[in-house]
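Positions are given from 1 along the sequence.
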Amino acid sequence: MKVTEETNKCRKQEETCCQKDTAEQEGYDRGHSFKRITENNTTNTNRQNEWMLERILSSNNLHRAYKKVKKNKGAGGVDGMKTGELLAYLTEHQRELVLSIRNGTYKPQPVRRVEIPKDNGKTRKLGIPTVVDRVIQQAISQVLVPIYERKFSDNSYGFRPHRSTHQALLKCQKNVNEGYQYVVDLDLEQYFDTVNHSKLIQILSETIHDGRVISLIHKFLNAGVMIKGIRTTNDFGVPQGGPLSPLLANV
């Protein structure tokens, strides 16, 4: 799409972005919902993939993402904003937020580092994104998860929707009953912290053909970590704690 066409499209969407949501029973209280962005009606799968950002930024998808983040609650990120303040912020800033994502100027904030004690005496490093960044990550995840669920192994149970440890145990029991006698147990130490960004982006690009979505995900990977007021970045690691991280780790 030419720059002029994209600019005109953004302006039209900006004018209609702040429509009042009449479906209060769906949990958006009395705030504004994100106005649905008109999607390309082509039936070509590749073409729909190219317009993936529009699906991510659609009103229904962002609405669902907001409700999910609010339901999960959790601590605030580096900006100190709590989930209880999220509705007021989105009501006031949703137009500029959506527009900044569309035009590529959106910049995720660094995640706040928290260390959780483990049973072995070590700690697990968690990265807590800001609540606004969590909404955007959740919106991305909601679009990508159905796509990658069709690609993942049926024998995989970790960090996947509608799958649990109990189901994994039942599968193990089934294998035992079928006569299998050996188990190979592997543990990739600090896996989340050692994911290679370049390799991850390469793999994502094989399925996601909307470069704007790839760029947005890359920005989250490069947002860095805030430790004692100092921001650090590297080419490795998917911070545990963000809504998008489990999917990226499985990818």
Side-chain angles (χ1 to χ4, degrees), residues 26-27 45 48-49 52 55-56 58 60-75 83 111 113-129 131 133-197 199-208 213 217 220-221 236-251:
E26 291 190 15
T45 302
Q48 290 177 348
N49 200 342
M52 185 178 289
R55 295 171 57 193
I56 292 172
S58 69
N60 286 346
N61 192 55
L62 288 172
H63 190 165
R64 288 173 53 213
Y66 160 77
K67 291 193 296 182
K68 184 71 173 180
V69 170
K70 184 179 180 181
K71 179 181 179 181
N72 289 342
K73 299 181 180 180
T83 53
V111 298
R113 171 60 54 83
V114 176
E115 296 190 6
I116 306 298
K118 298 171 64 175
D119 294 338
N120 59 7
K122 299 182 179 180
T123 60
R124 174 177 289 106
K125 298 178 181 179
L126 297 182
I128 303 177
V131 291
D133 284 342
R134 293 211 291 268
V135 170
I136 305 305
Q137 286 194 32
Q138 180 64 33
I140 298 172
S141 178
Q142 289 169 178
V143 171
L144 295 188
V145 164
I147 296 173
Y148 280 101
E149 275 297 300
R150 297 192 292 267
K151 296 176 176 292
F152 291 154
S153 169
D154 191 49
N155 295 308
S156 169
Y157 292 89
F159 303 117
R160 294 182 62 185
H162 312 299
R163 287 173 175 256
S164 66
T165 304
H166 294 292
Q167 291 174 321
L169 290 172
L170 289 174
K171 185 59 179 292
C172 290
Q173 184 64 57
K174 180 175 181 293
N175 291 338
V176 171
N177 292 339
E178 290 177 353
Y180 290 93
Q181 300 181 31
Y182 298 96
V183 173
V184 178
D185 184 15
L186 300 176
D187 181 12
L188 301 180
E189 186 175 5
Q190 297 181 341
Y191 173 66
F192 276 80
D193 297 330
T194 56
V195 171
N196 184 291
H197 290 179
K199 185 64 176 178
L200 174 59
I201 291 298
Q202 175 189 338
I203 296 174
L204 290 171
S205 298
E206 295 174 359
T207 299
I208 302 173
V213 176
I217 294 175
F220 278 111
L221 293 174
F236 295 87
V238 178
Q240 295 187 62
L244 191 57
S245 295
L247 173 64
L248 296 181
N250 273 335
V251 169

Determine the minimum heavy-atom distance between Pro129 and Gly241, stating which atoms define it.
CD-O, 3.9 Å

Can you list the steps and then say if Ile217 with Leu248 is a side-chain contact (heavy atoms from CB on, under 4.5 Å)?
CA-CA 10 Å; Ile217 294 175; Leu248 296 181; 4.2 Å; yes

Using modelled atom types and a 3.5 Å cut-off, is there a donor and acceptor pairing between side-chain atoms of Tyr148 and backbone atoms of Thr207?
no

For the residue pair Tyr191 and Ala249, what are the closest heavy atoms and their distance?
OH-O, 2.9 Å

Give a yes or no on whether the backbone of Pro239 and the side-chain of Ser245 come within a donor-acceptor separation of less than 3.5 Å.
yes

What's the separation between atom CD1 in Ile208 and atom CD1 in Ile140, rounded to the nearest 0.5 Å?
9.0 Å

For Pro161 against Val145, the heavy-atom pair lying closest together
CG-CG1, 3.9 Å

Check for a donor-acceptor pair, side chain of Ser141 on one end and backbone N or O of Gln138 on the other, with a separation under 3.5 Å.
no

What are the two closest non-hydrogen atoms of Phe159 and Asn250, and how far apart are they?
O-ND2, 3.4 Å

With a 4.0 Å cut-off on N to O distance, would you call Arg163 and Asp154 a salt bridge?
yes

Between Glu206 and Lys151, is the closest basic N to carboxylate O distance under 4.0 Å?
no

For Asn120, does the CG atom sit with more than 12 other heavy atoms under 6.0 Å from it, leaving out its own atoms?
yes

Separation between CG (Leu170) and NE2 (His166), nearest 0.5 Å, reads 9.0 Å

Give the C-alpha distance, both sets of side-chain angles, the deciding distance and a yes or no for side-chain contact (heavy atoms from CB on, under 4.5 Å) between Asn61 and Arg55.
CA-CA 7 Å; Asn61 192 55; Arg55 295 171 57 193; over 6 Å; no

Once rounded to the nearest 0.5 Å, what's the spacing between atom OG1 of Thr83 and atom OH of Tyr66?
8.5 Å

What distance separates Leu247 CG from Glu149 CD, expressed to the nearest 0.5 Å?
8.5 Å

To the nearest 0.5 Å, what is the distance between NZ (Lys125) and CZ (Phe192)?
14.5 Å

Test side-chain contact (heavy atoms from CB on, under 4.5 Å) on Asn72 and Arg134; report intermediate values, then the result.
CA-CA 11 Å; Asn72 289 342; Arg134 293 211 291 268; over 6 Å; no

Within 6.0 Å of NZ in Lys73, more than 12 heavy atoms from elsewhere:
no

Which heavy atom of Lys171 sits nearest a heavy atom of Tyr157, and at what distance?
CB-OH, 3.5 Å

Can you find a pair of side-chain heavy atoms, one from Val69 and one from Gln137, that are under 4.5 Å apart?
no

NZ (Lys199) with more than 12 external heavy atoms under 6.0 Å
no

Non-hydrogen side-chain atoms of Leu221 and Ile201 separated by less than 4.5 Å:
yes

Inter-residue atom distance Asp193.CG - Arg124.CZ, 0.5 Å rounding
10.0 Å

Using a 3.5 Å distance criterion without hydrogens, assess whether the side chain of Gln167 forms a donor-acceptor pair with backbone atoms of Ser164.
yes

